[in-house]
4 protein chains.
Amino acid sequence: MVRLQFSVQLAYDVLDDASDFVFNIQAAKTQCQTVVDEHLAISQTIDPIFFTEPVSGNRMLRLQARRGSLVIRYQATVDIRHRLSQPEQLYETPIADLPSEAFAYLYPSRYCESDRLIHMACREFGTMEPGYGRVLAIQKWVQQHVSFHSGISCGTTSATETLVERAGVCRDYAHLMIALCRALNIPARFASGIDYGADPTLGPPDFHAYVEVMLSGRWYLFDASGVTAPMGLIRIGTGRDASDTAFATIFGNVSSYAPLIEIDAFDDSQRGIVIPVHCEHALSTADCDA
Amino acid sequence: MVRLQFSVQLAYDVLDDASDFVFNIQAAKTQCQTVVDEHLAISQTIDPIFFTEPVSGNRMLRLQARRGSLVIRYQATVDIRHRLSQPEQLYETPIADLPSEAFAYLYPSRYCESDRLIHMACREFGTMEPGYGRVLAIQKWVQQHVSFHSGISCGTTSATETLVERAGVCRDYAHLMIALCRALNIPARFASGIDYGADPTLGPPDFHAYVEVMLSGRWYLFDASGVTAPMGLIRIGTGRDASDTAFATIFGNVSSYAPLIEIDAFDDSQRGIVIPVHCEHALSTADCDA
Amino acid sequence: MVRLQFSVQLAYDVLDDASDFVFNIQAAKTQCQTVVDEHLAISQTIDPIFFTEPVSGNRMLRLQARRGSLVIRYQATVDIRHRLSQPEQLYETPIADLPSEAFAYLYPSRYCESDRLIHMACREFGTMEPGYGRVLAIQKWVQQHVSFHSGISCGTTSATETLVERAGVCRDYAHLMIALCRALNIPARFASGIDYGADPTLGPPDFHAYVEVMLSGRWYLFDASGVTAPMGLIRIGTGRDASDTAFATIFGNVSSYAPLIEIDAFDDSQRGIVIPVHCEHALSTADCDA
Amino acid sequence: MVRLQFSVQLAYDVLDDASDFVFNIQAAKTQCQTVVDEHLAISQTIDPIFFTEPVSGNRMLRLQARRGSLVIRYQATVDIRHRLSQPEQLYETPIADLPSEAFAYLYPSRYCESDRLIHMACREFGTMEPGYGRVLAIQKWVQQHVSFHSGISCGTTSATETLVERAGVCRDYAHLMIALCRALNIPARFASGIDYGADPTLGPPDFHAYVEVMLSGRWYLFDASGVTAPMGLIRIGTGRDASDTAFATIFGNVSSYAPLIEIDAFDDSQRGIVIPVHCEHALSTADCDA
């Protein structure tokens, strides 16, 4: 089991009388990821609305803030009991056996234009043996063909643009990997979270974007950018792409500060709590049925 | 009340041993649209799987067909009791009052890149009085600035491309109108259906794409291309854009024939059944709560 | 007559042993624009190669710099005797009467994808009376539909992107205006230069991009962004778009500083030298024959 | 020496009173390609204007046709004495040694957005030994990664789109190869012509697009699509991309028929005339100085 503790602090200057925010910063609750404790603090006295998206299970927080400073601080401790599978036993689920909820993750989305990548995906990966190995080959391809550069891509950058420009950040790696999987009729979705153990030379801890791919009827974790051990990923939200899983969507005249994020791993082998490491297994943290 | 009868016939040659299909051709069931009778015939002896998408309520039909000819024929009679509203009383719902389900229709999607159209939408429509009138102005703008041409756009064409090329079909009009609404923080979604009363010089009856925009907390009908009276629209499916509402999604080696569609309106004024006409009211056929 | 004096200072750190540069910073020499005096200083002792592009007449400067600091300083005094025409007498040159050299400026180029704007241009401007008035209408349309913002567009931004995003800098305004003219079969080309009299709130003096359109067989000046009186434009280079007229093209590992530019106008009415002002005439500074 | 005879027949219905045409169908004249005889027939009695583009040497034909049928028929016999070079001796010309005329072919153009492919080109080809081998590797990469399909790309398709879609025709292969070369600072240009010896299963003889790359200060022939032996290429025109070298540019309301093209090779070994074959040498047909 992995036990991770993290905190997120988001700070804004609200410049209008009332601005609306939708946040998705709370740790997801799944059969594998348990929220041991959590605490949310909002600097303004507001009654937020909490709701859970019916399809994704994302935990959303809506509020309307007044003019002035707004600081949201959330911290949580989560236990993750990964479902481990032998990679060589994982197969690509036949269309006829896909759960109905998976179809949405086969179709193109804003930043994953899989409908334009069919020839490319078939040519590069079409003759490979279907299964976990092929998905891993897609992840490796993306990792090897895209350079990590901040400042080249932006919030409107999509998978086809990343395929051309070959540079971006974790979000761009994820979008391209997802689009390639979908182009091969493999369901793939976007996940936002926090990662433990990222290379500190890449910058301070930040939100991370990664990928879940359905194999053998279950969603398995892949870090498209290859910077993080999947075992160190805390799930916050999932969706078709980044448009579904922004940590903050802002309606109004607001200036934002950079998020402040901290993450730590517990190490208590006597109680079976281990530090996340790279491992040879395929990992899943999603609910059984999706 | 409007009573419409329509039939859809889809024909394929399945070239592989087994090909999977997902259809969305059955008339939607909403508080306003009642399916009086319906009949589905499948030429092969297959047990299809019927399921309803939890968010959209779209009625889906999955099946795996064998090699050979496959013909799907569906016909239905539907009664539509439109909810009529005075346009001048409809307001743009404040973000703080939006139902949570509406947020997905504020975000950009594959064919509606609203995140790239914010400047354009604000410049063209930003100073207009919010409300039904502004949404109608967007619809008129799209209708006036795009030429109806088949063969210029294709299945991968998106709203920004239509804004540049200024030519397309109903799907393209709908995508552009939706993207402009979302760029102004007005929830808008894509609807697929069949329309009664289209100009026969535009071709034989076909599937139609139109738009639903949330005003005063309810979804109102707009025909972005302006060719059809909204009163004559039968709803089949709704979604974020065409990627969610394809009438047929095909997995396999299949050749397709053009769909054959027929539609008729009943006229029985004694029983309050009228032929669809253009009217000055705003019309809604969606369920109350979404 | 207008007499303008300007200076350009370009500074670089050359990080490799040898880096190649191609500069286009010298004032153009045309029948209307005379270089009264000019001075070029290069901080490294290098023998540059001067050459004139055969089609455009652009005055190019090539050199290979050594590792270390490189500063190029150019200053010139130019006299401009504008050819003034009555706008209402200028006609769009029939294709059959176009000089052969003009055809290159009818075709799409990297940043002016006129081939994608034919429907749009015909719809917005197709029914207008051809002539100077129509070209001015295109310029006004671009000025009114695009917001001046630095930081939104970049070096790879093209006219169709500006038509979507509706924000950019002088270069983007020029590209969009050129693309719209070409889509209507009106030859249009990109000009780089320095402008006198720009609004100082838009920033310090800088290189400027403007447009030349062929009317009545001659190239007339238009400032697509509308910030400058055409009378205050000094020509440096012309081309199909910005890809032809970069002030500096760098091959090698070089870091660049922002250009330093100064410009002044002489005022000596006794000798017929006037300060540039907005005027009602159409202005040309190109050679008669092109 | 290779002696090829070809004919081109272009047929149109001119629907307006006067429509303008610019043709580029005549065989180029270079130091290596001699036009032994040629004949041009125009079905209407018109005086065409012949002109040669100063930079490219393209032989252009302008005319204004009257309403009715217009048929242009051109046939020629050309002798091509290829300049043969040992591939391993050809080097990439250092920027400092490039002739000034070559710079235009380093910059991005309408269909060759090399400015967006710098990361991709450096990542795929940046560590290879510069020279003919690297250019051949680019050609092979394009050939292997793009599928030949007509009907997927169109007249507005550019290199970045082909890189995404991975399907196209000879024009698209050429554009992508050119863009990749330029992204590595290797001058590359687009050539239009007729090819002898194409695979007849790909369709009837047609215009062909190929590539010329500057190596060791001279332009060498590459068939990006790999379908033709470079020895069988007749040059018609060269330019920055297809926008410069259309075989027909039409201004007016005209409907076009498919071009009819024939080509034959002479075989007279006694006089040293051989049938074009694949060979190991690098071939050039351009003038010495460009």
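Here is the naming used below: chain letters follow the sequence lines, and residue numbers restart at 1 for every chain.
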> Can you see which heavy atom on B:Y107 is nearest to which on A:S243, and at what distance?
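Heavy atoms of B:Y107 and A:S243 come nearest at CD1-O, 3.4 Å.
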> Is atom OH of A:Y257 surrounded by more than 12 heavy atoms (other residues, nucleotides or ligands) closer than 6.0 Å?
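Open.
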> Please rank A:P94, A:S109, A:G239 by heavy-atom pairs under 4.5 Å with chain B and give me the top one.
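Top count of heavy-atom pairs under 4.5 Å with chain B: A:S109.
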> Roughly how far apart are A:T156 OG1 and B:L117 CG, rounded to 0.5 Å?
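CG of B:L117 is found 11.0 Å from OG1 of A:T156.
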> So which part of A:A96 gets closer than 4.5 Å to some heavy atom of chain B, the side chain, the backbone, both or neither?
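Its backbone and side chain both get close to chain B.
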> If I measure from the heavy atoms of chain B, does A:P108 come under 4.5 Å with its side chain, its backbone, both, or neither?
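Contact with chain B is through both the backbone and side chain of A:P108.
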> Quick one: what part of A:S158 sits under 4.5 Å from any heavy atom of chain B, side chain, backbone, both or neither?
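No part of it gets close to chain B.
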> Can B:R110 and A:D241 be counted as an ion pair, charged N to O under 4.0 angstrom?
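Salt bridge flag = no for A:D241 with B:R110.
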> To the nearest 0.5 Å, what is the distance between CG on B:D244 and CZ on A:F103?
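One finds 13.5 Å between CG of B:D244 and CZ of A:F103.
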> Which distance, rounded to the nearest 0.5 Å, do you find between the CG of B:D97 and the CD of A:Q64?
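Rounded to the nearest 0.5 Å, the CG-CD separation comes out at 8.0 Å.
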> Going from CD1 on B:I95 to CZ on A:F251, what distance comes out if it is rounded to the nearest 0.5 angstrom?
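One gets 4.5 Å once the value is rounded to the nearest 0.5 Å.
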> Does one side chain, of A:D115 or B:Y111, offer a donor that lies under 3.5 Å from an acceptor on the other?
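There is such a pair between these side chains.
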> Count the heavy-atom pairs under 4.5 Å between each of B:M60, B:R62, B:R116 and chain A, then report the option with the highest count.
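Highest number of pairs under 4.5 Å: B:R62.
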> Where does A:L106 contact chain B at under 4.5 Å (heavy atoms): side chain, backbone, both or neither?
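Answer is side chain: those atoms of A:L106 sit under 4.5 Å from chain B.
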> Of the backbone (N, CA, C, O) and the side chain (C-beta and beyond), which part of A:E113 lies under 4.5 Å from a heavy atom of chain B, both, or neither?
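A:E113 touches chain B through backbone and side-chain heavy atoms alike.
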